[in-house]
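Right, one structure below, let's go through it.
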There are 4 protein chains.
Amino acid sequence: MGANTFGTKFCLTTFGESHGEAVGGVIDGCPAGLLIDFNMIEEELRKRKTASTSTSSQRKESDKVIFLSGVFEGKTLGTPIAFIVKNEDARSSDYESVKDIYRPSHADYTYQQKYGIRDYRGGGRGSARSLLPCVVAGCLAKQILSSQDIEIHSFVTQIGEVKKDSFTHEEIQALLQKVKEERDTVGAAVRVEIDNMPAGLGEPYFRKLQAILAQAMFSINAVKGFEYGEGFNAASMRGSECNDAFVNDNGKIRTKTNHSGGIQGGISNGEKIYFNVAFKPIPTIMQPQQTVDVNGKEVVYDIEGRHDVCVLPRVMPIVEAMTAMVIADFLI
Amino acid sequence: MGANTFGTKFCLTTFGESHGEAVGGVIDGCPAGLLIDFNMIEEELRKRKTASTSTSSQRKESDKVIFLSGVFEGKTLGTPIAFIVKNEDARSSDYESVKDIYRPSHADYTYQQKYGIRDYRGGGRGSARSLLPCVVAGCLAKQILSSQDIEIHSFVTQIGEVKKDSFTHEEIQALLQKVKEERDTVGAAVRVEIDNMPAGLGEPYFRKLQAILAQAMFSINAVKGFEYGEGFNAASMRGSECNDAFVNDNGKIRTKTNHSGGIQGGISNGEKIYFNVAFKPIPTIMQPQQTVDVNGKEVVYDIEGRHDVCVLPRVMPIVEAMTAMVIADFLI
Amino acid sequence: MGANTFGTKFCLTTFGESHGEAVGGVIDGCPAGLLIDFNMIEEELRKRKTASTSTSSQRKESDKVIFLSGVFEGKTLGTPIAFIVKNEDARSSDYESVKDIYRPSHADYTYQQKYGIRDYRGGGRGSARSLLPCVVAGCLAKQILSSQDIEIHSFVTQIGEVKKDSFTHEEIQALLQKVKEERDTVGAAVRVEIDNMPAGLGEPYFRKLQAILAQAMFSINAVKGFEYGEGFNAASMRGSECNDAFVNDNGKIRTKTNHSGGIQGGISNGEKIYFNVAFKPIPTIMQPQQTVDVNGKEVVYDIEGRHDVCVLPRVMPIVEAMTAMVIADFLI
Amino acid sequence: MGANTFGTKFCLTTFGESHGEAVGGVIDGCPAGLLIDFNMIEEELRKRKTASTSTSSQRKESDKVIFLSGVFEGKTLGTPIAFIVKNEDARSSDYESVKDIYRPSHADYTYQQKYGIRDYRGGGRGSARSLLPCVVAGCLAKQILSSQDIEIHSFVTQIGEVKKDSFTHEEIQALLQKVKEERDTVGAAVRVEIDNMPAGLGEPYFRKLQAILAQAMFSINAVKGFEYGEGFNAASMRGSECNDAFVNDNGKIRTKTNHSGGIQGGISNGEKIYFNVAFKPIPTIMQPQQTVDVNGKEVVYDIEGRHDVCVLPRVMPIVEAMTAMVIADFLI
């Protein structure tokens, strides 16, 4: 299986560089007869486009999805669903200046080491844009989940040093605006919850539910940490406080607490699944940085342009999409 | 691919319940001509057997590996390497009392929900013992790595609320002994470092090096969190402090700092890889606990017997083994 | 892995219905730095378009390949190579009449049974056109092979009851013209040879070279038989006549005869690989046929229109392409 | 996925050399709760042991299956089912004489070329014995099929130049005895039929039912040809005679004829599936043969000992087992 394919039954293969013709994907294994909610797809893509700061001037893309196959009269055929989103606003000339430079904490150097060639324009395959196809596939996955009432919710829980259970849109904007003014970028963390999970999803040993969720999250650019249930906090706990007692809740077996995060032995137990994901700051900052060029010569890298200061809020639909694909894959 | 198989080229398939005939594995894809270091395997298995507290009376298993195939005159043939470790000290009668009980925070309930049947003896497939075959495969993987001078080191960094860069054997014993006396168990955290990594390992998009490392770690029982590089701390950081400047170190391109943890864009950059893994407390505690039986009736679960109070130090060889398998799989 | 993906390292995922927006594919795992021979691709696609009879009026498609990703300045990036060929001449209205009919020996009925829905236009996913993406991927595979001097040749060996070692273009045309005049279609057989094979390709047990070649050939529509080396004839032979003696040919170990067809134990031995593929007649004939409609009512199915009378010669580039992909996948 | 694994849901991984400790397998994905028919397994293994000629002195193996995991109180657990059959009568010293020789039309040379090492004893991994585990897995697959009334039957249709619809046991013995007396071996062909197939199994494009059946058959040693439905005969046919008209058979859609062999567009149509498999003569003959040694020196290879003269009848349970696994994998 190629490294750009995710899933075992609901399989997404993605493709596309930031400044190539298009980004897109092929979904193989989506059940036949699903009436596609094109509005939901548009809405999720719109969220992904929303800039992290209202004042920033972002890349202008219509981000219109074109379905090429697998759909007939609005319904899935059971055959591969290919779709593309064209890269319209690809001002590649902007990138001539970075052609020969390895930007700090970007993937320029590692791609060059691995492949001996790279598309330096806009981050190429390593760009955030290349994860856009996950959002489209995630929408189909969500439709599969919603037929079982499974719901995915995500919350911002941290921006830089500020941690809260949730942030208002205005709070996020204010925090990010401040970072922007300092010509810097900032990290963040997100919490995801999955409600109405059926028990029994997940496959020991190497396809434990948490293992595949983790793989999915770490496929997202800038993710540095993943924890579920009590997560890292569990390392500090005693068994007597961390264990989830089983109770009989009107004939249904439930747990009294949910330190486990809805998964035991790699299999969902029917309780809410919840996990946290940590993101590093976006590496493109509006400050001069020391680095080297492709010949190893030390240079100063300094840019102007349009850039986000945080993966938030654009990363939210991607986090949800990857989550949805994992659950749908186990559910089918 | 089955859920009990890990890897794409160096593939391990594991099998075995705690109280069945044997646990074991099949390694498919190990390069031919490798002279197997049987002593290293014995030594790693011995480490896995070592009880968490010196005073505890653990299961007596000789844990002798029997190779069934794929090895000829001490060397790998390139054909599948099957091996087993017999379950000798399987006092299954001990488990009659838990036959009908769902132990809190164990996998009894979820296995029953998923499969409609379970081997209740000693945790069955959900037992820690069932990860033993990973240690054997990890030894072969380590041999592949050492031919390239790649080294894996692991350190205990947290036991319950005590966090340190490293612990002496005596410190670990003292901390665990205290927990044992309180008839409780405790969580822990471990740090892993990989030295002498070549640049270029890892495959965007869905087989990023960190994604497969995360999948590997979450395949281990009791793991609740994984972070690499700055990890969750990165969420608090600014880009200007988190970025790793490239420098020319006597003709070799290096990074000045290593907040990235040796991976950029899902591909190793040649710096040290490091990551942290958090474990929850072992759920079997020597205290009465509320739970339900298989009929949903609420009961009190209380046991005596031999049990660890922490995944440490026995989990260390497993953590290293899974790490080695991931790197070997990308290296081959 | 999805059912529309072929290969383990050089992986092609195909998509597309005959009358959808486009057919296309994504190649994941093509080595980086390959300078793509676009002319070869055009030429192979032209061969695939060539009608089986010069007088027939075929579908008019420009069959121009558009590469969407994975290629930069004419070279492969090592990232997924997506490409599409638009379906331009899709006169779907032609197919309204067959919307409710299960055409004999077509896939209409089985697709409906499997998926509960089908794109009835032009055979949908079951059309010959949907294999077009294999030709494109096959061209890249051939380029990989030619760097090692491996060559693939294919020959027509049978058209209906006429068997010959090879046919001239005129002979093929004459035979097919006669069938066309009788408003019928006809089967055929093809022989493929692979020259300059290195020894050592193929992987016991379930990825034997012949097993994957067979899977590849039976992925092609209308294929009913596959044999390699002596093939079905071997059933009539004695060991003493079928065995290939090894000889020392000026320092190189060769076989004196090649009844084995270049493969022993599932692994290439360095001799010429050869195999035969049999095709059934195209099921669309210009004669009234008995069948049923989607409600099970027996009806007479009778059409006019543009149709081939044989898979030849259009199937040749597909046969070669699938062969090339198999060998490239083992070679990489 | 390793090359020694077959199947996507019902996955068998095999291991074992002819003269190693054991041959065996791991079945991952067998549904939980299946009551294993151990008698059927013994009976099928007995058939596999039966020598091709009553007078021959065959290897003495008890061929007793030992289940190591995945089975509890006679039922499958849903966890991996590992099993072994020990190699008891491994008189390896018999093989010292062939240690340095490449036997004609055996896999000695190709294994050496691929791996640089081989277990020369009894054919090692390339021996017929190494397919034994397929028989065990096939029995479980057959049990899954029989719950749906699907039946697999196989028939000998050719021994050397004698072709018949079926042979009596005595006829087979007589033909093989004659070959044995001539100190030679002989090829054969087998026909397989699958009755009571449901419609809808098989997955376009690359997992067409016939493609996976073909892969399965060519995984069996000595197979040189595979055809289904009309097979190679279809190349001689006209569409008007090869097409299968649909009819309404008392409310059920059926085909009037079954030239298609029960598969259309890669998906079963509910009719009988039938296919033919051709086997070459066993390469070990009791006559001196020219060959080379590992140093390339031309030598005469001449042996005495116990050897079959035909893959029949021992190959029949293997053919059926592989067929059963393919169908079970699509059915699950």
For each of [options], tally heavy-atom pairs with chain B at distances under 4.5 Å, and name the one with the top tally.
{"options": "A:G296, A:A189, A:G126", "value": "A:G296"}
{"options": "A:M237, A:K297, A:Q113", "value": "A:M237"}
{"options": "A:F6, A:F279, A:F226, A:Y111", "value": "A:F226"}
{"options": "A:G2, A:G187, A:A235", "value": "A:A235"}
{"options": "A:A245, A:G231, A:A107", "value": "A:G231"}
{"options": "A:G265, A:G123, A:A234", "value": "A:A234"}

Side chain, backbone, both or neither: which part of [X] has a non-hydrogen atom closer than 4.5 Å to chain B?
{"X": "A:S127", "result": "backbone"}
{"X": "A:Q289", "result": "side chain"}
{"X": "A:V223", "result": "backbone"}
{"X": "A:K256", "result": "side chain"}
{"X": "A:N258", "result": "neither"}
{"X": "A:N276", "result": "both"}
{"X": "A:F275", "result": "neither"}
{"X": "A:T255", "result": "neither"}
{"X": "A:Y102", "result": "both"}
{"X": "A:Q287", "result": "side chain"}

Got a donor-acceptor contact below 3.5 angstrom from the [X] side chain to the [Y] backbone?
{"X": "A:T110", "Y": "B:Q264", "result": "yes"}
{"X": "B:S260", "Y": "A:S105", "result": "no"}
{"X": "A:K114", "Y": "B:G202", "result": "yes"}

Please list all pairs passing the salt bridge (charged side-chain N to carboxylate O under 4.0 Å, His left out) test where one or both residues lie in residues 215-242 of chain B, with sequence neighbours left out. A:E182-B:R238, A:D184-B:R238

Where does [X] contact chain A at under 4.5 Å (heavy atoms): side chain, backbone, both or neither?
{"X": "B:I253", "result": "both"}
{"X": "B:T8", "result": "neither"}
{"X": "B:R183", "result": "neither"}
{"X": "B:K208", "result": "side chain"}
{"X": "B:E298", "result": "side chain"}
{"X": "B:D249", "result": "neither"}
{"X": "B:A188", "result": "backbone"}

Which atoms form the tightest heavy-atom contact between B:F232 and A:V277, and what is the distance? CE2-C, 4.5 Å

Name the option with the most non-hydrogen atom pairs under 4.5 Å to chain A; the candidates are [options].
{"options": "B:A199, B:A222, B:G225, B:G251", "result": "B:G225"}
{"options": "B:V292, B:D108, B:N243, B:L12", "result": "B:N243"}
{"options": "B:Q112, B:H106, B:R103, B:R125", "result": "B:R125"}
{"options": "B:L201, B:V179, B:I263", "result": "B:V179"}
{"options": "B:G229, B:P204, B:P198", "result": "B:P204"}
{"options": "B:G266, B:G200, B:G160", "result": "B:G160"}

What I want to check is whether the side chains of A:T14 and B:Y205 have a donor and an acceptor closer together than 3.5 Å. no

Interatomic distance, A:I159 atom CD1 to B:S236 atom OG [nearest 0.5 angstrom]: 12.0 Å

Distance in Å, B:N248 CG paired with A:Q290 CD, rounded so as to fall on 0.5 Å steps: 10.5 Å

Check this for me: B:K9, atom NZ, are more than 12 non-hydrogen atoms of other residues, nucleotides or ligands nearer than 6.0 Å? yes

Show the atom names and distances, to 0.1 Å, of all donor-acceptor pairs under 3.5 Å that link a side chain in residues 209-219 of chain B to residues at least two apart or in another chain.
from   : atom 1 : to     : atom 2 : distance (Å)
B:Q210 : NE2    : B:Y228 : OH     : 3.2
B:Q215 : NE2    : A:F206 : O      : 2.9
B:S219 : OG     : B:Q215 : O      : 2.8

Compare all side-chain heavy atoms of B:P104 with those of A:D244 and state whether any distance is below 4.5 angstrom. no

